[in-house]
Amino acid sequence: MFNKVLIANRGEIAVRIIRACRELGLETVAVFSEADRNALHVRYADEAYLLGPAPSRESYLRADKILDIAKKSGANAIHPGYGFLAEREDFAAKCADLGITFIGPKPSSIAAMGDKGKARATVIKANVPVVPGTEAVGNMTDDDLLNIAPSIGFPLLIKATAGGGGKGMREVKSLEEMPTLLQSARREAESSFGDGNVYLEKLVEGARHIEFQIMADSQGNVIHLGERECSIQRRHQKLLEEAPSPFLDDELREKMGSVAVKSAQAVDYVNAGTIEFLVDKDRNFYFLEMNTRLQVEHPITEMVTGVDIVAEQIRIARGRQLSYTQEQIHFKGHAIECRVNAEDPFNGFMPSTGRITHSILPTGPGVRVDTGVYPGFEITPYYDPMIAKLIVWGETRAQAILRMRRALEEYRIVGVRTNIPFHQTLMDSHRFMGGQFDTRFVEERFSMDGSTEIKNSNAEIAAILATLVAHKQTERSAQIVRRNERDTSNWKWVGRWERMHR
Amino acid sequence: MFNKVLIANRGEIAVRIIRACRELGLETVAVFSEADRNALHVRYADEAYLLGPAPSRESYLRADKILDIAKKSGANAIHPGYGFLAEREDFAAKCADLGITFIGPKPSSIAAMGDKGKARATVIKANVPVVPGTEAVGNMTDDDLLNIAPSIGFPLLIKATAGGGGKGMREVKSLEEMPTLLQSARREAESSFGDGNVYLEKLVEGARHIEFQIMADSQGNVIHLGERECSIQRRHQKLLEEAPSPFLDDELREKMGSVAVKSAQAVDYVNAGTIEFLVDKDRNFYFLEMNTRLQVEHPITEMVTGVDIVAEQIRIARGRQLSYTQEQIHFKGHAIECRVNAEDPFNGFMPSTGRITHSILPTGPGVRVDTGVYPGFEITPYYDPMIAKLIVWGETRAQAILRMRRALEEYRIVGVRTNIPFHQTLMDSHRFMGGQFDTRFVEERFSMDGSTEIKNSNAEIAAILATLVAHKQTERSAQIVRRNERDTSNWKWVGRWERMHR
Amino acid sequence: MKYVTTIDGKEFEIEVVDDRHIRVGDRLVAVDFESVSGQPVYSLIFDGKSYESFVYQGEEDWEVLLRGRQFQVKVEDEREKRLRAAAGGGVAEGGEFHLKAPMPGLVVSLLVEEGQPVKKGQVLLILESMKMQNELKAPRDGMMGRIRVKAGESVEQKQALLSLH
Amino acid sequence: MKYVTTIDGKEFEIEVVDDRHIRVGDRLVAVDFESVSGQPVYSLIFDGKSYESFVYQGEEDWEVLLRGRQFQVKVEDEREKRLRAAAGGGVAEGGEFHLKAPMPGLVVSLLVEEGQPVKKGQVLLILESMKMQNELKAPRDGMMGRIRVKAGESVEQKQALLSLH
């Protein structure tokens with residue numbers, strides 16, 4: 001049984017995993033790029049080793065170096081977190097070869113679900129409903145895809161087979177625009193995953209994106225921990241998740257949960273995983289894909305079930321049985337997660353980089369913040385812009401929204417722009433409060449302007465604030481000019497000396 | 001029903017109450033002293049009014065000014081927090097006179113329990129067991145007390161009748177030393193509470209300090225939310241609390257809980273309150289006193305019961321029924337609170353003041369921090385040294401201890417010394433882990449030195465760290481000297497000019 | 001000092017009387033204004049109400065982030081205001097536009113050539129940053145001027161990328 | 001640069017070879033040492049192990065707070081060490097002791113008078129700070145020297161309160 005875990009990741013998730021290890025009494029090994037020498041995961045781990053330069057390809061994606069460090073440090077397990085090497089079959093297989101426990105599923109399960117095309121084929125065999133789309137598997141050429149597209153019908157989606165997080169995804173409205181979009185999707189997929197393969201899927205309109213957390217042990221027990229509502233997205237990037245979904249009732253939850261379990265069983269799944277579904281207006285649901293790893297938004301499930309998913313992952317990897325049966329999983333209250341990104345919501349969500357000079361975290365009852373940044377830390381352009389996850393729990397959805405609202409109001413981050421104002425505007429949106437949204441909501445029916453009434457009532461205050469700051473600045477620069485005058489007086493005097501004595 | 005709440009307090013508890021109000025949709029009014037202009041409670045509240053200079057007597061104890069501000073701002077309720085005006089019958093009565101809801105018990109209950117001597121008499125009538133001591137009520141003279149003392153027996157405790165938090169408390173070993181100690185106890189009581197009255201109580205040896213949280217509504221429903229173990233104290237100041245107590249079983253919990261409820265009923269109690277008990281080695285328990293207010297350590301009860309005590313206080317004050325019956329209160333897991341004080345544990349717990357220049361809060365699953373400070377805030381000598389409460393929850397006591405250990409390790413506060421190392425040493429103590437402690441543990445059987453084995457293994461690292469810092473400093477000052485040499489070169493040149501042309 | 005402060009075309013006349021008082025229009029009001037922790041975070045107590053805000057200097061105007069809303073605020077003292085009124089207030093519309101890199105990143109591809117006419121909203125260049133492909137678009141119709149970068153080139157924030165006539 | 005660093009009487013010979021290497025005794029070891037956020041917080045990666053510590057300059061020695069333990073560390077370069085050895089190393093024991101206020105506060109009462117003999121541990125003065133009455137005691141036996149404060153007086157941190165011969 002392992003006792004030292006290497007965390008092959010960075011940022012908040014590396015910190016999250018270190019916490020779980022420490023609470024289980026396991027030693028931790030961090031790896032880091034040159035940009036991350038002072039990152040929190042390096043500071044919190046028992047050991048830390050440099051991987052290489054900042055770009056991921058030269059650091060966090062260097063499987064060879066990571067395995068060398070595992071050997072050198074004596075780490076006998078690796079937790080991959082999400083992203084980077086988390087869904088790389090070859091990496092999981094190499095760990096096994098070296099006698100290192102990969103804290104995740106078997107390589108074969110990663111392979112079966114990692115290629116999204118293959119995954120569809122696999123679950124179709126297990127009678128799991130899927131979104132209509134390409135069913136052939138493998139390297140389809142542009143010609144193949146252009147031929148098949150009309151039979152699927154428009155609008156449709158081009159998706160990266162190795163994909164995730166909306167990267168390499170394009171929406172296609174007509175056959176005419178498809179060649180260009182295929183090209184750009186492949187380009188993005190190649191640059192994100194080193195694999196330019198894509199497949200097609202019918203675009204389900206008015207759909208919700210709802211996923212189920214499953215946990216499976218090596219004794220063959222598989223349970224689900226309920227769903228997460230992930231429809232609040234922008235450019236296929238999740239921005240906010242909640243559990244439970246306001247759209248599901250107990251009956252549908254049970255039905256989808258058992259399909260999720262069946263999907264996991266279809267690939268002999270072990271450890272934590274997530275089955276993503278699309279749910280249409282009429283409550284038909286379709287398997288989208290399986291994420292064979294820990295999910296960014298796992299904390300909301302932890303908040304409503306009381307299960308520590310990362311600790312449970314580690315226990316499973318140590319060969320233990322699941323700590324819970326399906327009957328022992330109870331849902332209590334409502335949890336919401338806001339992803340705090342270094343992006344300017346008033347400027348097209350443009351990424352923002354720079355040094356965090358000041359920060360105040362919201363705290364208090366029912367609030368959890370998972371973050372890897374702190375005052376003094378530099379946000380670089382090399383990695384994902386997500387700098388924190390703000391998670392709240394409330395007895396009801398309404399209470400959770402009120403709590404999230406006050407937590408967002410309390411949160412201060414200075415030095416980079418963040419999307420906190422986006423989340424604040426969202427919390428004030430009547431459609432969001434009413435649970436009336438689908439995956440297009442943010443892009444199509446949401447505006448950062450919010451209520452003009454509220455805006456007008458604060459305009460005078462904004463005017464006063466700007467005026468006072470501008471006034472302060474004018475006064476200060478006047479003082480600097482005066483001080484400089486004094487400072488240079490000696491030089492003037494030297495000049496006079498020169499002239500006098502020339 | 002009120003809609004705007006004035007919070008007559010400062011620091012973490014003012015922030016805690018503002019959060020509860022905001023989550024209930026109530027407007028908040030902060031009050032502040034000159035030292036607290038930039039305090040978090042001022043920044044977070046909807047409105048804020050200056051009370052006066054830093055000393056409490058000129059600010060947070062100015063009931064008259066606070067009531068004026070309530071009128072001016074239209075606040076129709078006041079939450080007193082703990083300390084300051086929280087247990088002042090006259091203040092609660094004045095609120096009622098002005099039609100302002102006092103979020104707490106009736107003035108008569110405060111009076112009945114606020115004078116500790118009267119409280120003993122009241123509960124004795126209700127057949128609640130008390131620690132042997134003075135039963136007469138009122139202003140006992142030193143002579144009265146010296147006469148009674150031998151019949152109680154030594155060692156005994158002198159306690160302030162208006163007291164709380166160990167202020168004005170003295171332990172007396174013999175009649176000879178009693179006059180001096182009476183004098184100093186009265187002096188401290190006078191300065192802390194404006195009331196120099198004291199009473200006597202037998203010192204129960206090997207005792208644990210265990211308290212019960214009760215909640216009562218104005219319809220006459222009274223429930224308890226279980227106990228808190230508060231035996232980890234130093235100079236009668238609580239340092240760490242946990243729930244449940246490792247010393248209690250279900251049977252004793254039920255018995256003490258029903259006595260707690262009976263004690264509250266004896267004074268027609270409404271709102272949140274705490275019954276403090278001493279429990280001796282043989283599990284006999286004695287009523288000590290009732291705190292007729294929100295308690296510092298209320299969050300651990302919130303963590304194990306899921307009840308938001310402050311929100312419930314507000315609901316009760318609005319005339320609502322309790323949200324829970326006794327049967328609906330379930331205890332889940334284990335919670336621990338460490339009080340983080342600005343005190344140097346390596347220097348006799350001397351208070352430490354100064355500006356906080358940097359801070360990183362521990363976060364993640366099961367961790368809550370209630371604090372009123374942030375980087376840039378100045379810790380002044382005017383108020384209580386407690387700057388934060390670190391609270392963790394775990395499925396078991398062992399898990400809570402491991403989680404607290406990792407949270408303490410993560411916590412960074414720079415600018416003032418804190419007692420975090422004390423808590424770290426405590427978490428490593430085998431006696432603490434084994435639940436084997438009483439109220440004397442910290443003072444008599446605990447040392448900050450901890451295991452010498454661990455200390456030795458880190459000594460080399462400490463030596464390296466100090467050497468590298470010293471080396472860096474030497475290098476830096478060398479550079480400054482060199483830079484100054486360059487800077488002054490112009491002046492030398494002027495000197496030369498002068499000499500040349502003289 | 002008297003200021004004319006403008007938000008969305010609405011003007012506020014604000015006079016800073018002394019450290020503790022301002023006049024808004026005709027009203028004299030007590031203000032308690034502090035910057036927090038030496039950061040561009042400001043706490044304002046105005047009429048008893050407690051506000052906190054981030055105030056940044058933008059390219060031209062001040063940006064005020066208050067309660068989740070952003071305000072573009074122009075602050076001018078009386079003299080500036082008069083000067084601008086005298087100049088006619090017209091800001092040149094048709095001049096040359098210089099596209100600068102809004103963040104550090106990698107130029108993934110250039111979608112236009114020098115001398116080519118472009119339409120408002122047309123994608124000119126793709127910049128990869130933080131693992132996202134960001135499309136930089138033309139702010140108006142025009143003709144491509146000088147292009148200063150090549151595909152595959154890394155650029156710094158604010159580095160000039162290309163011009164539009 | 002070579003240093004002799006002492007903790008609890010135990011000496012460590014540490015040579016700073018360059019920015020990335022030190023020699024501890026005979027061992028040459030790679031170190032990665034950084035201060036964090038410009039604070040007296042230091043991150044040290046030594047032999048692969050990651051340590052973080054607060055390092056403060058105390059009155060005489062360095063104070064290192066590491067994993068919940070505090071170490072008093074004396075760092076001397078070789079030259080200082082030799083000078084001290086030559087001087088015999090004896091620090092005067094019996095000299096005058098000046099009691100300074102360890103924190104700002106209010107002198108509640110003075111329990112001694114000038115010229116009075118006092119015993120080690122005897123309470124000399126009560127200082128109220130942060131709502132606590134703090135007893136300041138004699139560090140050794142001696143005779144009271146000059147008393148510089150009165151009861152009821154507010155004092156600053158490090159202000160001289162009284163002397164002990």
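Sequence lines set the chain letters: A, B, ... in the order given, protein chains first and strands last, and positions in each chain run from 1.
Within the 4.5 angstrom heavy-atom criterion, atoms from both the backbone and the side chain of E34(C) approach chain B. The contact between A48(B) and chain C is made by backbone and side chain atoms together, counting heavy-atom distances below 4.5 Å. Proximity to chain B (any heavy atom under 4.5 Å) is shown, for S53(C), by neither the backbone nor the side chain. No part of V29(B) comes within reach of chain C, as not one of its non-hydrogen atoms sits under 4.5 angstrom from that chain.
Within the model, atoms OG of S50(C) and NE2 of H41(B) stand 10.0 Å from one another, a figure rounded to the nearest 0.5 Å. Rounded to the nearest 0.5 angstrom, Y51(C) OH and E47(B) CD are separated by 8.5 Å.
At distances below 3.5 Å, not a single donor-acceptor pair connects side-chain atoms of S43(C) with backbone N or O atoms of R43(B). A donor-acceptor pair under 3.5 Å links the side-chain atoms of R37(B) to the main chain of D32(C), judged by distance alone.
No more than 12 heavy atoms of other residues, nucleotides or ligands sit less than 6.0 Å from atom CG of D19(C). Around atom CD of E34(B), more than 12 heavy atoms belonging to other residues, nucleotides or ligands sit under 6.0 Å away.
Considering every non-hydrogen atom in both S37(C) and Y374(B), the closest pair reads OG-CE1, 3.3 Å.
Contacts of residues 4-22 of chain B with chain C at a heavy-atom distance below 4.5 Å are absent; not one residue qualifies.
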